[in-house]
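Down below is the structure, laid out as structure tokens.
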Amino acid sequence: MGDLEMRSDRSRRLGMGRPITRRDFIDGIAVTAAVAASAPVLGAIDSGETAIAPQDRPDYYPPALMGMRGSHPGSFETAHALRDGTFPKSGANLVDTGEQYDLIVVGAGISGLAAAYFYRARTGVGARILILDNHDDFGGHAKRNEFALGGKIQLINGGTLAIDSPRPYSAVAAGLLTALGIDPVALSSRHADRGFYPSLGLGPAVFFDRENYGEDRLVKGTISSPGFLEKAPLSEPARRDIRRLETEPIDHLPGLSSAEKKARLSRMSYRDYLLDVVTVDPSVIPLYQSRTHGEWGVGIDAVSALDVWPFGLPGFQGLQLAPGSAPRMGYTPAGYADGGSDTFHFPDGNASIARLLVRSLIPQAVPGGTVEDVVTARIDYSRLDRPDDAIRIRLGSLAVSVAGSGSAAVEIVYSRMNRLHTVRAKHCALACWNMMIPYLCPQLPQKQKEALGYLVKVPLIYTNVALANWRAFASLGVGKVHCPGSYHTSVKLNPVTNIGAYQAPRSPDEPILVQMVRTPCRPGLSERDQHRAGRYELLATEFAIFEEKIRDQLDRMLSPSGFDAAHDITAITVNRWPHGYAYEYNSLFDPEWEKGEAPHEVGRARSGPIAIANSDSAAAAYTDAAIDQAHRAVEELLTR
């Protein structure tokens, strides 16, 4: 069991105040996906006998698994061995499946599923397509966490949160949503209840921790709320400068035009802007340091002042900046001043988009027929990889080699259940994490391989905690909490979306899901180096440590209302993403490349019958980018 059974001799508790027992793990209360889907655990077939793949078993249902999810045990070890040059790509255990396809897609995230959708649309319903993925579930970062609480299903995102982009969806991306039955405006108006928690008197708060502020104190409101600063454990110089920063319309860059101001702001971090231009007291910085974690995965020391301006962070009121902002290498910053997309949050995040794509590709696996009923549909994973079907999804299958073949355009070797397998196709779309492609395709030009390795993905943790009730939040009058110095910097009640048969909790006496977000950062380093350091941290952190941090933080934050983690927490899922969001260029650390020379543009170049998709190839961490890149990759394959 790896991470989850470490420290089993300790009196750790999970739910109802009782120690974890062996039966808890067997029953899946705290078990991770390693048992259900990792190849080394389940499928040793070195003797040559046929074994049943995990996804073909009748009880296989990874969305309901708990413990360590995201990049779960069993999903990445082979990839690391491939990176380190210790994994054999051939040998006595190589199985030639004899399978031939029109298209093989590596990666079953939204980009990979969209690539299969677009390919079939261009070539016909008879197109034979195989989709391979190293994880135990499809969807990539569009991960679904499903809990059975109080006799009801409760859902929450384990990765991608919502239909949401800093620019309007392209005709291609919007067209795909429409074809799947998704109308974000209509869905939002009918099913999103953003006013529910405020109607109960629940609002935002800030948790000040004793390690950074001398005491644990939860203060209701936001920094700019009346009376907030008087209640916060801050020095008088900090209060004075925060008032000035938040309220006074001062032109801190006098004598410059709007364009000149923007150029200057793009070359300094928001931290330096506050310290050197606005001249706030250094004690102000910790309160704002993590405000950018959720968007860029780093703090204000590594994000430009221009990037944070559209988000409404303070200090720009008097600058009179013209609408519009400098794009991050061709992609508008994630503020909405320039016109963003329509938005909608499914109860499981964008996992519902992945489910709708799978329903379109393999309808027999996903019951129902509407965008509303897909939310509660129980997928039959055993129907994803049937020999008689034109389109197949094969989970727990990590590609280790993609190259030209004498008998077909492309030959792919993949690892599954401790064996290597070969499959062949006319075309291949690599919709996987782009930094893995140089190891899959060592035949690529060196310049392209270097470009693919440049984009270091953003590491992050989405921790989802099931509570027996949420009376503590109701008593305190809070629904979401910013925790500037804590292990998890964001804590919030699950957003309310009622759609189809799915209904969110209505009473504080009901069980509920709480999401806690952590982005591991190393202030002072460049953004890419911070991401590298964060990745190492996440991979080295045991589930037991995450659990201890979760319990400690919630106890300290909510205990004034009677909360007790030992009794009130009933389940924990940690979605670990060492390779999380796609990297977006940073004007503080990255040069401005000529058009066509940026790493994502060089890296995504087609190589014969092999094309490259994924949001990495757009240098943009958004679902529409993943869809657009899938379309581009398919067009390159079919028009070459």
Side-chain angles (χ1 to χ4, degrees), residues 37-57 74-75 77-79 81-83 85-108 112 115-116 119 123 126-136 138 361-362 381-432 436-444 607-612 637:
S38 73
V41 175
L42 283 175
I45 55 173
D46 291 334
S47 64
E49 63 181 273
T50 301
I52 299 175
Q55 73 181 75
D56 294 333
R57 299 179 181 184
S75 66
E77 294 85 350
T78 297
L82 185 65
R83 173 201 64 192
T86 60
F87 187 84
K89 296 184 181 182
S90 61
N93 71 340
L94 180 64
V95 176
D96 189 340
T97 66
E99 296 173 357
Q100 298 268 354
Y101 295 90
D102 297 301
L103 173 70
I104 293 176
V105 181
V106 177
Y119 191 95
T123 60
R128 286 183 50 77
I129 302 172
L130 173 66
I131 305 172
L132 302 171
D133 198 276
N134 58 307
H135 290 93
D136 61 9
F138 59 79
L361 298 170
I362 313 174
Y381 283 81
S382 70
R383 301 296 298 269
L384 295 179
D385 190 13
R386 294 288 182 91
D388 294 336
D389 291 339
I391 300 178
R392 305 168 70 175
I393 298 174
R394 193 165 295 165
L395 302 171
S397 302
L398 186 135
V400 298
S401 176
V402 179
S405 167
S407 58
V410 189
E411 181 177 89
I412 290 91
V413 179
Y414 66 92
S415 174
R416 192 187 203 206
M417 300 177 68
N418 282 352
R419 298 293 297 268
L420 294 176
H421 304 75
T422 60
V423 287
R424 297 173 183 85
K426 297 177 184 176
H427 298 119
C428 177
L430 297 177
C432 53
M436 277 300 299
I437 294 175
Y439 304 101
L440 304 180
C441 306
Q443 71 274 15
L444 293 178
S607 177
I610 303 169
I612 297 173
L637 291 175

Any donor-acceptor pair under 3.5 Å from [X] side chain to [Y] backbone:
X    : Y    : answer
T97  : T422 : yes
N134 : S75  : yes
R386 : S382 : yes

Which residues share a salt bridge (Lys or Arg N to Asp or Glu O under 4.0 Å) with R394, sequence neighbours left out:
E99, D385

By salt bridge (Lys or Arg N to Asp or Glu O under 4.0 Å), which residues pair with D96, not counting sequence neighbours?
R424

Closest non-hydrogen atom pair, [X] against [Y]:
X    : Y    : value
T86  : P88  : O-CD, 3.6 Å
L103 : A429 : CD1-N, 3.8 Å
R128 : Q100 : NE-O, 3.3 Å
A53  : M417 : CA-SD, 3.7 Å
A399 : V106 : CB-CG1, 3.9 Å
R416 : G396 : CG-O, 3.3 Å

Heavy-atom side-chain contact between [X] and [Y] under 4.5 Å:
X    : Y    : result
L82  : S415 : no
V410 : I610 : yes
L361 : I131 : yes
I437 : L444 : yes
F138 : L384 : yes
S401 : E411 : no

Distance, nearest 0.5 Å, that separates [atom1] of [X] from [atom2] of [Y]:
X    : Y    : atom1 : atom2 : answer
L637 : K426 : CG    : NZ    : 12.5 Å
Q55  : Y381 : CD    : OH    : 9.5 Å
T78  : L398 : OG1   : CG    : 6.0 Å
S397 : L130 : OG    : CG    : 8.0 Å
I104 : Y414 : CD1   : OH    : 8.5 Å
C441 : M436 : SG    : CE    : 10.0 Å

Could you go through L132 and I412, starting from their C-alpha distance and side-chain angles, then the distance that decides it, and tell me whether this counts as side-chain contact (heavy atoms from CB on, under 4.5 Å)?
CA-CA 10 Å; L132 302 171; I412 290 91; 4.0 Å; yes

H427 vs Y119 aromatic rings, parallel, tilted or perpendicular, using cut-offs 30° and 60°?
perpendicular

Only counting residues at least two apart or in another chain, list the ones meeting side chain to side chain contact (heavy atoms under 4.5 Å, CB included) with A403.
Q443

Would you check, one step at a time, whether the test side-chain contact (heavy atoms from CB on, under 4.5 Å) holds for L395 with D133?
CA-CA 5 Å; L395 302 171; D133 198 276; 4.2 Å; yes

